Amino acid sequence: MGENKKLLLIDGNSVAFRAFFALHQSLDRFVNHNGLHTNAVYGFKTMLDNIITSVEPTHVLVAFDAGKKTFRNKKYADYKGGRAKTPTELSEQFPYVKKLLEAYGMKYYELQNYEADDIIGTLAKQAEEQDFETTIVTGDRDLTQLTTTKTMVAVTQKGVTEVERYTPEHVEEKYGLKPAQIVDMKGLVGDSSDNYPGVTKVGEKTAIKLLKQFKSVEGIYANIDELKKSKMKEHLVADKDVAFMCKDLAQIKRDVPLEITLTDTTWKGSNEKELIAFFQEMDFKRFLEKLRATTPEAKTAQVIEQIKFVNLTADKLAEIDFSNPKEVVFYLEMLGDNYHKAPLVGFAFKIEGKYYVARNTDLLREPKLRALLENENVVVDLFDGKRTFVGLNRLGIHLANIGFDLLLISYLLDTSDNSNDLGKLARQHNYDQVLEDEQVYGKGVKVKIPEDDTLYYSHLCNKVRTIQALRKTLLEGLAKNRQEELYDKIERPLSLVLAEMEIDGITVDPQKLEEMGSEFKERISEIKEMIYQEAGEKFNLNSPKQLGVILFDKMKLPVIKKTKTGYSTAVSVLEKLRGMAPIIDNILKYRQIAKIQSTYIEGLLKVIFEKDSKVHTRYTQTLTATGRLSSVDPNLQNIPVRLAEGKKIRQAFVPRKKGWQIFSSDYSQIELRVLAHISHDDNMQAAFREGQDIHANTAMNIFELASPEEVTSNMRRQAKAVNFGIVYGISDYGLAQNIGITRKQAKEFIEKYFRIFPGVKKYMKDIVEKARVDGYVETLFKRRRYLPDIKSRNYNIRSFAERTAMNTPIQGSAADIIKVAMINMQKMLKEKNLKARMLLQVHDELIFEAPNEEIPILEEIVPQVMDAAVSLDIPLKVESSFGKTWFDAK
DNA sequence: ATCTTCACG
DNA sequence: ACGTACGTGAAGATA
C-alpha cells in the first residue's frame with residue numbers, strides 16, 4: 001500500500017507571489033468583471049495543473065503564512081522587517097487562491113505563530129516516517145534543506161510553469177553541500193529578503209568553501225583557530241552570535257503542533273461544478289472552454305435545471321388559449337450561420353409562464369401563432385432580432401414588435417466581447433443554465449440537431465429561459481450606461497432596417513461576371529507565363545513563401561521587410577523593388593488580377609441566389625468595436641473601386657428591373673467633420689463652414705502657403721494623409737511610412753497641424769485622459785468601448801489603446817450618424833410610398849435602386865435625410881450620383 | 001487554425 | 001528604446 005502514497009506540499013504564499021510577479025506585466029489584462037485582479041490566481045492554477053500532472057499526488061496540502069508575527073520575531077525582532085508591503089493587487093487575490101483550492105478539493109492550512117515553511121517541514125517529516133513520496137513546491141530555495149531521497153523540492157523558476165527539482169544529488173551538484181547544510185549556509189550568508197544579515201562579507205561562495213571543510217556552523221567555530229589570519233576570519237569571530245542566530249532562523253521547524261494529520265490531506269480530485277463556477281467568477285474563459293471540451297464529466301457536472309415544456313403539435317395548439325398575452329419570449333432555431341438559407345429546425349417560446357417547443361417550424365404559420373407574432377401589441381423578447389425576423393419572413397410571418405434583444409444589448413454594453421453564441425454570451429453575464437450550441441449540435445462537418453427530443457427541446461427552452469433571465473440585469477446595465485436611447489432609437493429599429501435590406505438583396509448579373517472572368521483568366525495565364533520565364537522555373541505564384549525564395553534567394557533582390565514566417569512580399573515591398581527586375585511589375589499585375597478573379601468574380605458567383613439572381617449579404621450588427629457594421633457572405637463593403645480594373649466589377653451590380661437606376665449618396669469627409677464638432681476646434685470648424693476643401697486648407701497651413709493657388713496636388717495628397725493620420729490617432733512613424741517622408745518631417749507636420757488646430761490637440765489629450773480615468777470612451781450617441789489596455793505598462797499595448805481612444809469616438813460617431821440616417825431614410829421611403837429600395841451601406845454611403853422617375857425625388861430627399869440625421873456645430877455634406885449600374889453611379 | 005495578402009471605408 | 005497608423009472580410013497557403 002505504501003508505495004503509492006504521494007504527498008504534495010505547496011508553499012501557498014510563496015507560489016502566489018511568484019505567480020503574481022511572473023504575470024505582473026499583464027496585470028491589466030487579468031481583471032475580472034468585478035474589477036478583481038486575477039493574475040496570481042491564474043498563475044497559481046497553471047502551476048497546480050502542471051504539478052498535478054507530473055506528480056499525480058494522493059495527498060495534497062497547501063500551507064499559508066498566518067499573520068505577520070511568528071516565533072522567529074521573538075528571536076529576532078527585525079525578522080522579515082523592512083519588507084515592502086504586499087501590493088493590494090496581490091493581497092486581494094489570496095481569498096480567491098483559497099477558493100480555487102476548495103474547487104480543486106485541496107486542503108489548505110495556516111497556523112498562528114508559524115510560517116508555511118514550518119507546516120511543510122513538519123508534515124514532510126511525518127510523511128517520511130509513514131513512507132510517503134513527497135514533493136514540495138515553493139519559490140523559496142530555503143526549503144531545499146528538506147530534500148531527502150523521499151522528499152523532492154521543486155522550486156519555481158522565473159515563471160511558474162517551470163520548476164527546478166532538488167533531489168539530494170541535485171543539491172550536492174549545485175552547492176556541493178548536503179541538504180542539511182543549507183541552513184548552515186543561510187546562517188553564514190544571511191537572507192536579505194527575510195532581513196537577517198549573516199556574517200559580514202560572507203557570500204555563497206565563501207560559505208560553501210567553509211562548509212565543505214568544516215561541515216557546519218558549529219564545526220567552523222569549533223575549529224576557528226585552524227583558519228589563517230584574514231579579514232574573513234575577523235568577520236567570522238566578530239559575527240559569531242549572528243551566525244548562530246541566523247542559522248537558527250533559517251532552520252525550518254519540524255515539530256509544529258499541527259491540528260491536522262496526513263490523513264486529512266487525502267486528495268480525491270476537483271469538483272467540476274465548483275471549478276466551473278469559479279472560472280466564471282474569475283472570467284477564465286479559456287479554462288472554462290477547455291474544461292467543457294476535455295472532460296466529458298464537465299457536461300454533466302454542469303447542473304442545468306430541467307424545464308417542464310409542452311411539445312407542441314397542431315392538435316395541442318388547438319387546445320391552447322393565449323388569452324391576452326402582452327409578452328412572449330421566443331427563439332427560432334436554424335442550422336447554420338446564413339439565415340437566408342439555413343434550414344429552420346425548431347422553435348421554443350414561453351408565454352404566460354409556460355414553455356412550448358417543437359421541431360416543425362411550419363407550426364408557426366398556424367393562425368394562432370402567426371397572430372401572436374404579428375400582433376403589434378405583443379412584445380417579443382429574443383436573441384438576435386434580425387436573424388429571427390429574416391427567418392420568420394421566410395415562413396411568410398412578419399414579426400411585429402421586438403422588445404428585448406439579448407444579443408444586441410449585450411453588444412451595446414460591451415462592444416469588445418461579442419460572441420454570437422447564446423450560451424457563451426450568457427456565461428459572460430454569469431448565467432450558466434444553458435449550453436453552447438457546439439456542445440449540443442457538435443461542430444464542423446458533424447453539426448447536427450440531436451435526435452433525442454428531451455435533449456434538443458431542453459436546449460431550446462434553456463435558451464428561452466436565458467433570454468428572460470438576463471433581461472432585467474442587462475436592461476439595468478443599459479440604463480446605468482444611459483444607453484436606452486441608443487438601443488430604442490437606433491440599434492433596435494436599425495436591426496429591422498438591415499433585415500429588410502438583406503432580404504431585398506442586390507441583383508448581380510452573372511453573365512457579366514463570367515464575361516469579365518474569362519477575360520481575366522486569359523490575362524492571368526499570360527502574365528503567369530512571363531513570370532515563370534523570368535524566374536526560370538514554375539512555382540506557386542500564390543505562395544508568398546515560394547515567391548520569396550525566387551525573389552530573395554534565387555534573384556538576390558534586397559530584403560525590405562520580413563514577416564514572422566519569412567520574407568514579406570506585400571505590395572509596399574514589391575513597389576520598392578520596382579525597376580530592379582521586370583518580374584516585379586508582372587507580379588504586381590498578377591496579384592491585382594488574381595485577387596479580382598478569385599475574390600470578386602468566382603467568390604461573388606458562388607453566393608448569387610439562383611431564384612432571384614441576387615446576393616443577400618448579412619450585416620453583422622454586433623461585431624465591430626467601434627459601432628460600424630460589417631458585411632459577410634458576401635462582403636459588399638469592399639467591392640473594388642480604387643483601381644480601374646477592379647472597379648469594373650461594379651458593372652455587374654444592377655437594378656432589379658429595367659428602367660431602374662442605382663442611386664448612391666455619400667457623406668463627404670464625415671469623420672473629419674465629426675472631429676471638428678467634438679473637438680470644438682475653431683479653425684477646423686471655420687474651414688468646414690466656409691465650405692473649403694479641407695485637405696487643401698490643411699496643405700496651405702502646414703506648408704505655410706499664402707493662397708490656395710499655391711497648393712500643388714502633391715501637397716494636397718500629403719495633407720490628406722495627415723488628416724487621415726489625425727483621425728487614426730497620429731504617430732510620426734505611421735505618417736512617415738504612409739507618405740514616404742522621414743520621421744522627422746512627419747513629426748514637423750504633426751506639430752504644425754496641432755499649432756493650427758489647437759482644439760484638436762486638446763481633444764486628443766483629453767480623450768486619452770478620459771479613457772484612463774473612466775476606462776472607456778463614448779461616441780456622440782453613447783456607444784461605449786472599454787480600453788483596459790490604456791493602463792498597460794507595455795508601451796506598444798498602451799499606445800495602441802491610446803490611438804484607439806482617439807479614433808473610436810470619431811469612427812463610432814460617424815457610424816452612429818449614418819445609422820440614424822438609415823432608419824429615417826427607410827421610414828421616409830415608406831411614408832412617401834416610393835418603389836425605391838435602400839440596398840447597401842458602405843460606412844459613409846447609402847446605395848439604392850429606384851425607377852427612373854423616382855431619381856429626382858431621391859436626389860432631393862436622400863441628402864436631406866442624411867444631412868438632418870444629426871445636428872452638429874458644422875454642416876454635414878452629402879454628394880449623390882446615379883447610373884444604370886453601381887459602376888455608373890459615380 | 002493561423003498567417004499573409006489585399007479589397008473597402 | 002520601444003515599433004504602428006483606425007475599422008473590417010475573403011482567399012489561398014501552410015502548418
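Keep in mind it's a predicted model, so treat the numbers as computed, not measured. All values below were derived from every heavy atom in this structure, side-chain atoms included, with hydrogens, water molecules and symmetry-related copies excluded. Every chain is numbered from 1, with letters handed out A, B, ... down the list of sequences.
Across every strand in view, dC8(B) sits in a pair with dG7(C) that passes the Watson-Crick or G-U test at under 3.5 angstrom.
Aromatic ring pairs are classed by plane angle as parallel below 30°, tilted from 30° to 60° and perpendicular above 60°; the pair Phe609(A) and His616(A) is perpendicular.
Of the candidates Arg783(A), Lys386(A), Lys782(A), Arg783(A) is the only one forming a salt bridge (Lys or Arg N to Asp or Glu O under 4.0 Å) with Glu491(A). Checking each of Thr415(A), Asn481(A), Asp414(A) against Arg784(A) for a side chain to side chain donor-acceptor pair (under 3.5 Å) leaves exactly one that passes, namely Asn481(A).
Of the side-chain N and O atoms in Ser630(A), one or more sit less than 4.0 angstrom from OP1 or OP2 of dG9(C). Residue Arg785(A) places at least one side-chain N or O under 4.0 Å from the OP1 or OP2 atom of dG7(C). Proximity of Thr569(A) to the phosphate of dT5(B): a side-chain N or O atom is located under 4.0 Å from OP1 or OP2. Between dA15(C) and Lys545(A), a contact under 4.0 Å exists linking OP1 or OP2 to a side-chain N or O.
Not one N or O on the side chain of Thr626(A) forms a donor-acceptor pair closer than 3.5 Å with the backbone of Gln811(A). At least one donor-acceptor pair closer than 3.5 Å links the side chain of Glu502(A) to the backbone N or O of Tyr619(A).
Between the side chain of Arg642(A) and the base of dG9(B) there is at least one donor-acceptor pair of N/O atoms closer than 3.5 Å. You won't find any donor-acceptor pair under 3.5 Å spanning the side chain of Gln637(A) and the base of dC8(B), going by distance alone. With hydrogens and angles left out, the side chain of Lys564(A) and the base of dC3(B) share no donor-acceptor pair within 3.5 Å. Judged by distance alone, with hydrogens and angles left aside, Thr563(A) brings no side-chain donor or acceptor close enough to the base of dT4(B) to form a pair under 3.5 Å. Between the side chain of Arg803(A) and the base of dT4(C), at least one donor-acceptor pair of N or O atoms lies under 3.5 Å.
With centres under 5.5 Å and a plane angle under 30° as the test, the ring of Tyr795(A) is not stacked against the base of dC2(C).
Protein atom CG of Leu629(A) is 11 Å distant from nucleotide atom P of dG9(C), rounded to whole Å. Rounding to whole angstrom units, OH of residue Tyr590(A) and C1' of dG12(C) are separated by 10 Å. Note: CG (Asp633(A)) to P (dT8(C)) measures 19 Å, nearest angstrom. Atom CZ in Arg798(A) sits about 15 Å away from atom P in dC2(C), given to the nearest Å. Rounding to whole angstrom units, CD1 of residue Ile560(A) and P of dT5(B) are separated by 13 Å. At whole-Å resolution of the value, CG in Asn542(A) and P in dG12(C) are 7 Å apart. Rounding to whole angstrom units, CG of residue Asp337(A) and P of dG9(C) are separated by 13 Å. Here dT8(C) presents its C1' atom at 13 Å from OH of Tyr619(A), a figure rounded to the nearest Å.
Using a 4.0 Å heavy-atom distance criterion, Gly725(A) is classed as a base contact. Using a 4.0 Å heavy-atom distance criterion, Gln546(A) is classed as a sugar-phosphate-only contact. At a threshold of 4.0 angstrom between heavy atoms, the contacts of Ile639(A) are confined to the sugar-phosphate backbone, with no base atom among them. Using a 4.0 Å heavy-atom cutoff across all strands shown, Ala625(A) reaches sugar-phosphate atoms only and no base atom. Ala721(A) comes within 4.0 angstrom of a nucleotide base, judged by non-hydrogen atoms across all strands. Looking at heavy-atom distances under 4.0 Å, Val727(A) makes no contact with the nucleic acid at all. Residue contacts shown for Ser568(A) are limited to sugar-phosphate atoms, with no base heavy atom under 4.0 Å away. Note on Ile810(A): nothing from the nucleic acid sits closer than 4.0 angstrom, heavy atoms only. Among the heavy atoms of the strands lying under 4.0 Å from Phe800(A) are primed sugar atoms or P, OP1, OP2 only; no base atom is included. Residue-level contact check: Ser598(A) touches the backbone only, with heavy atoms under 4.0 Å from sugar-phosphate atoms and none from bases. Residue Asn638(A) is in base contact, counting any heavy-atom pair closer than 4.0 Å across all strands shown. As judged by a 4.0 angstrom heavy-atom cut-off over every strand, Asn738(A) is placed among the base-contacting residues.
Of the two residues contacting DNA chain C, namely Thr624(A) and Asn796(A), the nearest-nucleotide position lying further toward the 5' end is that of Asn796(A).
Lys770(A) forms a cation-pi arrangement with Tyr776(A), by the criterion of a distance under 6.0 Å to the ring centre and an angle within 45° of the ring axis.
A distance of about 27 Å separates the C1' atoms of dT5(B) and dC2(C), rounded to the whole Å. Taking atom P on both dG3(C) and dC8(B), the two are 31 Å apart, rounded to the nearest angstrom. With both ends at atom P, the span from dT4(C) to dC3(B) equals 15 Å, rounded to whole Å.
Side-chain atoms of Tyr567(A) and Asp553(A) include a donor-acceptor pair closer than 3.5 Å.
For His843(A), the listed nucleotide lying nearest its side chain is dG9(B); candidates were dC6(B), dG9(B), dA13(C). Taking only side-chain atoms of Leu623(A), from C-beta outward, the nucleotide of dG9(B), dG9(C), dT4(C) with the closest atom is dG9(C). Listed candidates were dG9(B), dA13(C), dA7(B). Nearest to the side chain of Gln811(A) is dG9(B). Of the candidates dA10(C), dG9(B), dC3(B), dA10(C) carries the atom nearest the Val632(A) side chain, counting heavy atoms from C-beta on. Minimum atom distance to the side chain of Arg743(A) is reached by dG3(C), of the listed dG3(C), dT4(B), dG9(C).
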Residue pair Tyr532(A), Phe539(A): steps toward the ring pair (Phe, Tyr, Trp, His ring centres under 6.0 Å) verdict: CA-CA 7 Å; Tyr532(A) 292 155; Phe539(A) 62 99; 5.8 Å; yes
